[in-house]
2 protein chains.
Amino acid sequence: MTVADLMARTRLSRPAFYQYFSDLHDLIEVLLREVESIMHQTANPWLSGEGEPIAALRESQKGVVQVCLDHGPIFRAVSEAAPLDERLERAWSAFTKRWDDVVEARIKSQQRDGLISKSLNARRIANALNHMDTTLLIAEFGRRPQGDPKAVLDTLHHIWTAALYGGQRAARMPRKSPRKS
Amino acid sequence: MTVADLMARTRLSRPAFYQYFSDLHDLIEVLLREVESIMHQTANPWLSGEGEPIAALRESQKGVVQVCLDHGPIFRAVSEAAPLDERLERAWSAFTKRWDDVVEARIKSQQRDGLISKSLNARRIANALNHMDTTLLIAEFGRRPQGDPKAVLDTLHHIWTAALYGGQRAARMPRKSPRKS
DNA sequence: CTAAGATCGGACGCCGTGTCAGAAAATCGA
DNA sequence: TCGATTTTCTGACACGGCGTCCGATCTTAG
């Protein structure tokens with residue numbers, strides 16, 4: 001992807017691009033900011049800590065999968081371009097760090113409530129699970145044709161519940177089971 | 001990283017580089033091939049299916065972590081450069097696919113033996129766990145200073161055992177327990 | 001209709017790439 | 001030892017994308 005390629009699809013010239021963005025990475029950074037807020041919003045059920053934890057987790061994960069269905073290519077662009085640009089690199093790692101933060105906080109909270117084993121290192125587990133989510137979701141939904149959202153959700157949900165809550169509950173067949181609190 | 005940068009560190013000129021490699025991506029592809037064989041070798045204990053599964057899994061994961069300690073920067077280079085080059089992209093996805101294949105095979109085998117729940121989708125779980133390993137290991141060991149191998153191993157081991165074997169066994173404190181069958 | 005401000009596009013210099021033809025170095029036969 | 005042949009290296013080149021000018025065009029208001 002070059003600036004020329006991009007602007008050829010518009011009725012504007014290449015230099016016009018630099019009127020609005022300092023370069024391609026700047027554009028991507030703007031797009032990232034736009035989707036981040038949506039992301040945190042849809043993940044709210046589990047992050048807020050209300051209701052039955054596993055059901056809430058599934059709701060949140062469902063939301064995350066949906067956002068990636070809608071904006072997967074943007075995340076792919078960000079993650080692929082990040083290594084090439086210092087500024088974008090920082091923006092991307094700040095994004096994932098904020099995600100680690102909220103997940104870590106939720107885990108620690110549920111550890112205090114006795115819902116999650118205190119022997120877990122909340123930070124590292126959160127980080128590892130988020131790494132998994134990020135790359136799997138980008139791989140599945142980052143380019144067309146996109147993967148099967150239901151199957152991806154089931155897979156991620158199984159691993160998260162197994163890792164956090166012990167795994168007995170969620171290891172069931174790919175059968176629809178959206179519990180309520 | 002440019003070809004000029006690279007060759008400046010040698011006593012040869014820039015064009016000499018093209019005598020041995022068609023371009024930078026070609027070089028990276030060669031490096032990838034060199035580490036892949038080591039990787040499969042060190043992961044042999046669990047993949048071969050001999051001995052007690054969880055202990056064998058930990059041995060294999062320990063090996064994988066060690067290889068990444070030694071060659072992490074190479075994996076980082078591959079994964080970051082892959083999106084920029086069609087050929088390298090294929091090499092990298094072929095690498096991860098082979099990894100998915102052997103893990104899937106092992107899971108299915110242990111499902112037949114009743115060690116792992118048959119309700120799991122072996123392929124997708126293997127794929128998700130491998131995605132987690134890849135990015136976490138690259139993030140931790142892909143650049144200096146590198147992360148703490150013991151902590152990373154514990155984290156990955158917990159999630160793998162929880163996801164595959166139900167999580168009751170491995171959710172213990174970060175205490176050393178590499179036992180045999 | 002005209003002047004002021006905002007926006008656009010052609011053209012330029014820069015840098016990294018990959019590829020020549022020819023120089024230098026290594027190898028070898030006598 | 002010495003020239004001939006093969007291998008290895010180098011300086012110089014064309015290409016393409018980037019980011020930035022200045023002059024041209026369009027918009028808006030009086």
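The basis for the numbers below is simple: all heavy atoms, side chains too, and nothing from hydrogens, waters or symmetry mates. Residue numbers start from 1 in every chain, and the chains themselves are labelled A, B, ... in the order their sequence lines are given, proteins ahead of strands.
- Atoms OG and CG, on A:S79 and A:L32 in that order, are 10.0 Å from each other to the nearest 0.5 Å.
- Rounded to the nearest 0.5 Å, atoms CG (A:N44) and CD (A:Q41) are 8.0 Å apart.
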For B:R124 and A:D148: C-alpha separation, side-chain torsions, deciding distance, then whether salt bridge (Lys or Arg N to Asp or Glu O under 4.0 Å) applies. CA-CA 11 Å; B:R124 303 200 89 109; A:D148 174 8; 5.1 Å; no

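- How far CG of B:N127 is from NZ of B:K97: 11.0 Å, rounded to the nearest 0.5 Å.
- Taking only side-chain nitrogens and oxygens, B:T2 never comes nearer than 4.0 Å to OP1 or OP2 of C:dC15.
- Within 4.0 Å of B:F21, counting heavy atoms only, lies no atom of the nucleic acid at all.
- At a cut-off of 3.5 angstrom, the base of C:dG18 holds at least one donor-acceptor pair with the side chain of B:R14.
- Interface limits on DNA chain D: the 5'-most and 3'-most nucleotides within less than 4.0 Å of chain A heavy atoms are D:dG17 to D:dT20.
- Going from atom CZ of B:R11 over to atom P of C:dA25 covers 14 Å, rounded to whole Å.
- Rounded to whole Å, atom C1' of C:dT7 lies 7 Å from atom OH of A:Y20.
- Here C:dG16 presents its C1' atom at 13 Å from NE2 of B:H25, a figure rounded to the nearest Å.
- Note: CE (A:M7) to C1' (C:dG10) measures 15 Å, nearest angstrom.
- Between A:Y18 and the phosphate of C:dT7, there is no side-chain N or O to OP1/OP2 separation shorter than 4.0 Å.
- Separating the CD atom of B:Q19 from the P atom of C:dA26 is a distance of 15 Å, rounded to the nearest angstrom.
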Under the salt bridge (Lys or Arg N to Asp or Glu O under 4.0 Å) criterion, do B:R90 and B:D85 qualify, and how do the steps go? CA-CA 9 Å; B:R90 272 197 295 273; B:D85 183 74; over 6 Å; no

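- Ring orientation note: the planes of A:W92 and A:F75 are tilted relative to one another, at an angle of 30° to 60°.
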